[in-house]
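Position 1 is the first residue of the sequence; numbering continues from there. Numbering of ligands and ligand atoms starts at 1, following listing order.
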Amino acid sequence: MKPVRKAVLPVAGLGTRVLPGTKVTPKELLNVVDRPILSYIIAEGRAAGIEHFVFVTGRSKGAIEDYFDHQVELEAQLQAKGKLDILAELLGELPRPGEMSFVRQMAPLGLGHAVWCARDIIGDEPFAVMLPDMVMSAAKAPLAQAIEAYNQKGGNIVVVEPCPEGQAHQYGIVALDNPSGRLNRMTGMVEKPAKGTEPSNLFISGRYILQPEIFGLLAEQGKGAGGEIQLTDSMLTLLKRQDFHALEYEGVTYDCGDKLGLLRANIALALARPEMEADVRAMMRDLLG
Ligand code: G1P
C-alpha cells in the first residue's frame, strides 16, 4: 500500500460568508487567536506526516504564498530588537524548501474541479484533501486519525461527524452499511441533500484520503449541486469500484468560513491556551455582565 505523503488544500474560495473581511485578505489567512487559519491546517498536516502541501489558489490569493516565505525586513527588525521568541515562531511557520506547491484554479467551478487542478503534482499515489475552512481541535491530529484508518482499511477514507440539527442540506452526507463504532464502510453519499432526504446524520467534515483514480472521474464530472463540479459526485462513482470508509474522528470542528464559527474558534482556542485561559474567562464574564 502506498503511503499518504501529499495533501491538497483548496484555497480559491471567495469567503463570501465572512465579507467584507475577506475582500483583500484571503479567508484562510484570517486570524484565530494570533495565527492564520492555515497555520493550524499545516500543523495538523505535518503532525499526520504530510511531506508536501499543494495549494489550489485563485486570483487575489497571492498573500498565501507570501505568508509561507521569508519577510526579510520584519525578521531583521525582530532580530535587531532581540524579539527572538517571536522570530523563532515566525521561522517555524516556514516550509522546508520544496514542501509547498501552488497551482491556480482559474475559474470558481467547484471543489471537485479545484482538487482536479492538483492532479499533475499529486501523480499516481493516494493523497489527502484538507478543507481549510474546517479547523479541527483534537488530542491526535484528525488527519493522522484518517491516515491510521487508511493504514487499516486501504481504499478511500472520508472524515465525518454528526450534523447539527436541520443543517444537512448545507453539506455532503454519507450513507453507511450497518454502522457500529467510528469506522464504517460507506454505501453512498450525497452533496447538499434536499431537506428530509439525507441518508444519515453524518456530514463530510473536510478531511479525505483519496486514491488517484479520482482524477480521471473528476475530468469527466458534470456539474452537480449548486451548478458546481462536486468532489462528492466523483467519489460516489469511485465507490462503485473501490472501498470507501467513513471515520467519525475524535475531536471538535470549527467552521471558520462562517462568522459565528470563526468567533467560536477564537474563543475556544484561546481558552485552550494555558497562558490565556484565565484572562479570557474574566473577559467573558465581564462581557456577559
Ligand atoms: C464542501 C463539500 C461538502 C462538505 C463541506 C464541509 O462543501 O462539498 O461535502 O460537507 O465542504 O465544509 P462547501 O462547504 O464547499 O459547500
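- Between I214 and F127 the shortest side-chain heavy-atom distance falls below 4.5 Å.
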For residues 246-261, dump all side-chain donor-acceptor pairs below 3.5 Å to protein atoms at least two apart in sequence or in another chain.
unit_1	atom_1	unit_2	atom_2	d
Y249	OH	V252	N	3.4
Y249	OH	V252	O	3.2
Y249	OH	T253	N	3.2
Y249	OH	T253	OG1	2.6
T253	OG1	E161	OE1	3.3
T253	OG1	E161	OE2	2.6
D255	OD1	G257	N	3.1
D255	OD2	R17	NH1	3.4
D258	OD2	L260	N	3.2
D258	OD2	G261	N	3.1

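- Using a 4.5 Å heavy-atom cutoff, the side chains of E213 and L238 are in contact.
- Looking at I204 against ligand 1, both its backbone and its side chain come within 4.0 Å, counting heavy atoms.
- The shortest side-chain heavy-atom distance between L9 and L38 falls under the 4.5 Å cut-off.
- Between E191 and ligand 1, an N or O atom pair is found at a separation short of 3.5 Å.
- In this structure, atom 12 (O) of ligand 1 has protein heavy atoms in its sub-4.0 angstrom surroundings.
- Applying the 4.0 Å criterion to heavy atoms of L111 picks out, from ligand 1, the atoms 2 (C), 8 (O).
- At least one N/O-N/O distance between G172 and ligand 1 falls below 3.5 Å.
- With sequence neighbours excluded, the residues that form a side chain to side chain contact (heavy atoms under 4.5 Å, CB included) with H169 are K195.
- Side-chain contact between M284 and L271 is absent, with no heavy-atom pair separated by less than 4.5 Å.
- Numbered from 1 in the order shown, with element, the atoms of ligand 1 that lie under 4.0 Å from a heavy atom of Q230 read 8 (O).
- Of all atoms in ligand 1, numbered sequentially from 1 with element shown, those under 4.0 Å from a heavy atom of T232 are 9 (O).
- Residue Q170 has no N or O atom closer than 3.5 Å to an N or O atom of ligand 1.
- Near K192, meaning under 4.0 Å from one of its heavy atoms, ligand 1 places the atoms 7 (O), 13 (P), 16 (O).
- In summary, the aromatic rings of F55 and F68 are positioned with their centroids under 6.0 Å apart.
- Within the 4.0 Å cut-off (strictly below), no protein heavy atom is located near atom 15 (O) of ligand 1.
- Side-chain atoms of E198 and Y171 form no donor-acceptor pair, as typed in the model, at a separation below 3.5 Å.
- Taking every heavy atom of M134 and a limit of under 4.0 angstrom, the matching atoms of ligand 1 come to 6 (C), 12 (O).
- When each atom of ligand 1 is checked for a heavy atom of L131 under 4.0 Å away, the hits are 11 (O).
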